[in-house]
Amino acid sequence: MTGGSRPRRLVLLGHPVAHSLSPLFQGAALRAAGIDVRYEPLDVAPHELEKVLADLVAAGAAGNVTIPHKRAVWAACARRTAVAARAGAVNTFWVHEGTLHGDNTDVAGFDRAARALGVATTGARVVLLGAGGAAAAVCVATESWDGARVCIVARRPEQAHHLAAVFSHVEVTETADALADCSLLVNATPVGMRDDVMPCDPSRIPPDAAVMDLVYRRGETAWVRAARATGHVAADGREMLLQQGALAFERWFGMPPDIDIMRAALDGAR
Ligand code: NAP
């Protein structure tokens with residue numbers, strides 16, 4: 001929580017940020033709650049971040065962070081929640097008594113989205129494509145799933161090995177064998193964001209595995225559509241986006257937003 005002081009300004013820090021749907025549904029939630037603060041996308045190049053953050057702290061602002069700033073904002077925070085500390089990335093920040101605080105609501109956002117999809121979390125066998133910030137959030141979330149194991153497939157194995165060194169339930173593979181006993185396949189790369197390229201051939205996904213694409217785009221991703229067409233339970237990143245946004249709102253204002261209004265705003269962008 002913000003410690004009683006409401007943010008005077010709300011921003012989304014990223015580079016680029018124009019594609020983000022967060023302003024749409026956060027704006028709807030703010031209007032529904034009668035909060036007279038606008039949620040502004042702020043395109044900040046990496047070399048400008050330090051100065052922008054100093055200005056935001058001085059202004060008592062709060063907000064979200066997206067690619068490529070999650071790690072840098074984590075490093076800039078004076079205080080981090082335990083989850084943000086574990087993930088090594090911050091996607092939600094606020095200012096309390098003049099200092100920058102950070103949380104990572106992607107973690108619980110992923111967990112909620114997986115449960116909404118009906119994923120069996122106990123003993124889950126997760127294959128995770130990618131080893132960046134979103135993958136780290138998946139590692140933190142699945143750490144609390146009883147008996148779950150995660151196998152990372154990444155084009156840069158050293159990045160994946162870094163996660164495996166931090167999380168005891170995580171290992172790295174450089175072969176396709178991991179898919180054989182997979183119960184949940186997660187795409188945490190940006191593949192499919194701008195075109196119909198797929199992060200993994202849908203015909204290789206075991207029949208009973210659920211599919212979560214953290215990428216979202218208008219009309220869903222080609223990968224999610226293809227997985228569903230071959231009988232898989234599948235969802236793109238919209239539910240996670242919505243859930244992480246609702247949790248961020250709660251951090252800033254100390255009360256949950258009207259999630260139905262947020263969802264309706266997001267569905268309107270389909
Ligand atoms: P990131 O930190 O930049 O990590 C991206 C990962 O994907 C890295 O391991 C990267 O490898 C790999 N990668 C990039 N391009 C690739 C390609 N063409 N083929 C194979 N691997 C590739 O980004 P992130 O923050 O984790 O975000 C990843 C995706 O998740 C983005 O599309 C983002 O929008 C989405 N996301 C969604 C939500 C949500 O709420 N739905 C939340 C967070 C993130 P290299 O290091 O080798 O480049």
Side-chain angles (χ1 to χ4, degrees), residues 65 67-77 79-92 101-191 199-200 204-206 208-215 233 235 237 239-240 243-244 247-248 251:
V65 188
I67 292 177
H69 299 314
K70 288 182 186 181
R71 178 87 194 159
V73 173
W74 178 90
C77 282
R79 290 282 191 93
R80 305 171 192 104
T81 62
V83 163
R86 192 89 180 114
V90 156
N91 81 326
T92 299
H101 291 232
D103 189 10
N104 189 316
T105 65
D106 285 339
V107 173
F110 171 80
D111 181 81
R112 286 183 176 190
R115 290 173 197 276
L117 190 62
V119 166
T121 57
T122 301
R125 292 289 171 268
V126 182
V127 171
L128 180 57
L129 309 176
V138 173
C139 291
V140 180
T142 52
E143 200 172 27
S144 64
W145 294 1
D146 196 18
R149 306 280 318 163
V150 174
C151 192
I152 301 184
V153 181
R155 68 178 177 184
R156 241 179 349 123
E158 67 274 19
Q159 203 187 20
H161 282 295
H162 173 74
L163 288 176
V166 173
F167 297 95
S168 62
H169 71 304
V170 173
E171 62 186 334
V172 184
T173 182
E174 288 169 39
T175 73
D177 299 350
L179 275 176
D181 73 338
C182 154
S183 64
L184 172 64
L185 180 57
V186 179
N187 175 35
T189 78
V191 174
C200 148
R204 288 178 40 219
I205 307 171
D208 294 333
V211 171
M212 289 179 74
D213 196 347
L214 305 193
V215 173
V233 170
E239 186 64 23
M240 176 174 168
Q243 296 294 347
Q244 64 76 30
L247 290 160
R251 272 275 168 215

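Note that the structure is a prediction, hence the values are computed from the model and not measured.
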**OP:** Would you please test Lys70 and Asp106 for side-chain contact (heavy atoms from CB on, under 4.5 Å) and show each step?
**Re:** CA-CA 11 Å; Lys70 288 182 186 181; Asp106 285 339; 2.7 Å; yes

Less than 4.5 Å apart, any side-chain heavy atom of [X] and any of [Y]?
X: Thr81; Y: Asn104; value: no
X: Met212; Y: Val138; value: no
X: His101; Y: Arg251; value: no

Original post:
Is there a side-chain contact (heavy atoms from CB on, under 4.5 Å) between Leu214 and Val186 once you walk through the steps?
Top reply: CA-CA 7 Å; Leu214 305 193; Val186 179; 3.9 Å; yes

Original post:
With sequence neighbours excluded, what pairs up with Ala209 under the side-chain contact (heavy atoms from CB on, under 4.5 Å) test?
Top reply: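 For Ala209, the residues satisfying side-chain contact (heavy atoms from CB on, under 4.5 Å) (neighbours in sequence not counted) are Cys182, Ile205, Pro206.
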
Separation of [Y] [atom2] from [X] [atom1] (nearest 0.5 Å):
X: Gln244; Y: Asn91; atom1: CD; atom2: CG; value: 5.5 Å
X: Thr121; Y: Asp146; atom1: OG1; atom2: CG; value: 8.0 Å
X: Phe110; Y: Arg115; atom1: CZ; atom2: CZ; value: 10.0 Å
X: Thr105; Y: Asp111; atom1: OG1; atom2: CG; value: 12.5 Å
X: Asp181; Y: Asp208; atom1: CG; atom2: CG; value: 12.0 Å
X: Thr142; Y: His169; atom1: OG1; atom2: NE2; value: 3.0 Å

Tell me which donor-acceptor pairs under 3.5 Å the side chains of residues 153-167 have, and how far apart each pair is, sequence neighbours excluded?
none

Could you pull out all donor-acceptor pairs under 3.5 Å where a side-chain atom in residues 122-137 meets a protein atom, sequence neighbours excluded?
from: Arg125; atom 1: NH1; to: Gly123; atom 2: O; distance (Å): 3.3
from: Arg125; atom 1: NH1; to: Gly147; atom 2: O; distance (Å): 3.2

Original post:
Does Trp74 use its side chain to pair, donor to acceptor, with the backbone of Ala84 at less than 3.5 Å?
Top reply: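 Flag set: sc Trp74 to bb Ala84 pair under 3.5 Å.
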
Original post:
If you look at every heavy atom in Val90 and Thr92, which pair is closest and at what distance?
Top reply: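 Taking Val90 first and Thr92 second, the nearest heavy atoms are CG1-O, 3.4 Å.
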
Subject >> Atom of Leu117, atom of Ala210 and distance for their closest heavy-atom approach >> reply: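 Taking Leu117 first and Ala210 second, the nearest heavy atoms are CD2-CB, 4.5 Å.
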
